[in-house]
Amino acid sequence: MLDLKATNAISACARGPRTPSYLFEQLSSSEQNPHRTRLLSHRPSNNPVRSLCWKARKRYLPGRTTAFWNAASGNGASGAQSVDVTVERAARNSRRLYAAVQIAAPIDVVWGALTDYEGLGNFIPGLTENRCLSRKAQGATLLQVGEQDVAFGAKFRARVVLDIQEHGAGTPQRLCSNHDGSRSSGSAMVEEWLYPLPRAPPCVGPCKDVCFSLVEGDFQAFRGIWRMQQGSQGPNSCRLSYALFVRPQVWLPIRLIQNRVENEIKNNLTAVQRHSEALHRQKGGVRGAKQL
């Protein structure tokens with residue numbers, strides 16, 4: 001049995017991403033000795049409650065713990081740590097989430113990866129089932145089941161059927177909600193039927209969107225946009241922006257799954273980044289071989 005102090009310590013860590021004060025002290029001391037951070041990451045304190053807290057984070061939240069210490073020691077690699085997710089509260093137990101990543105591949109390569117509906121399960125992590133139920137001229141209908149491990153061997157599982165719409169010249173403005181932060185009932189009702197607009201800079205050249213919306217599943221609302229536009233490195237780069245509006249069922253508070261959704265977004269954008277860059281390198285190698 002855990003005493004009340006230990007239980008509260010574990011709960012406080014699980015809420016994350018708040019950084020305990022004693023970790024700030026260690027980071028300050030590491031500035032004088034750059035090797036101290038790595039040493040302290042294995043044993044942050046002699047205090048038994050803090051040690052128990054650290055073990056709980058390391059066991060049940062390995063991604064967050066690794067990301068924190070990679071950032072502290074300067075050892076972060078390209079991956080989920082490079083994807084920042086912005087979360088906004090919305091009305092009626094909902095959230096809007098925004099994220100973006102730079103990809104070293106042209107827009108068409110990223111577009112091809114995201115519209116390979118039958119192959120999404122081959123590189124998107126957490127998809128235990130991915131089926132293309134039907135195809136249409138500019139989209140498809142997908143059945144997807146996602147699964148994540150949580151504490152004590154439990155799993156977080158969600159099933160959705162999504163309607164996919166492709167917009168090769170960008171999503172029409174009339175279908176997007178450019179939320180301005182107001183919370184009037186009118187804007188909330190309008191938002192029920194619109195896609196959240198990705199937070200992307202003005203397009204240099206054309207942009208392409210893949211929109212998705214919930215047909216049925218384990219959420220009340222789940223819709224968003226994948227937006228592709230030219231990246232900062234020119235035509236052979238792509239900025240992939242993502243926006244999501246999500247509302248769980250009425251019996252499930254959004255705060256209980258918010259971190260799960262954030263992590264899923266980070267992992268998905270990183271997976272698309274790596275897969276697209278690998279496809280681009282592969283195509284470049286094939287072209288080079290043909291030229292020889």
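In this chain, residues are counted from 1 in sequence order.
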A side-chain contact here means heavy atoms from C-beta on lying under 4.5 Å apart; do [X] and [Y] qualify?
X	Y	answer
Glu262	Arg260	no
Cys211	Leu175	no
Leu244	Trp226	no
Val210	Met228	yes
Ile164	Lys136	no
Val161	Leu133	yes

Linking I/L/V/M/F/W/Y whenever their side-chain heavy atoms sit closer than 4.5 Å, directly or via other members, would Val261 and Leu127 fall into one cluster?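 Hydrophobic grouping puts Val261 with Leu127.
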Between the side chains of [X] and [Y], is a donor N or O closer than 3.5 angstrom to an acceptor N or O?
X	Y	answer
Ser213	Arg223	no
Ser276	Arg274	no
Arg95	Gln258	yes

Please list all pairs meeting ring-ring contact (aromatic ring centres under 6.0 Å, His included) that have one or both residues in residues 121-146, counting only residues at least two apart or in different chains.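 Of all non-adjacent pairs touching residues 121-146, those that pass ring-ring contact (aromatic ring centres under 6.0 Å, His included) are Phe123-His275.
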Under a 4.0 Å N-O cut-off, is there an ion pair linking Asp218 with Arg159?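 No, no charged N to carboxylate O under 4.0 Å.
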Could you list the donor-acceptor pairs under 3.5 angstrom formed by side chains in residues 99-116, with sequence neighbours left out?
| unit_1 | atom_1 | unit_2 | atom_2 | d |
| --- | --- | --- | --- | --- |
| Asp108 | OD1 | Lys208 | NZ | 3.1 |
| Thr115 | OG1 | Trp111 | O | 2.7 |
| Asp116 | OD1 | Gly119 | N | 3.4 |

Apply ring pair (Phe, Tyr, Trp, His ring centres under 6.0 Å) to Phe222 and list each qualifying residue two or more places apart in sequence or on a separate chain.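 Phe222 satisfies ring pair (Phe, Tyr, Trp, His ring centres under 6.0 Å) with Phe212, Phe219 only.
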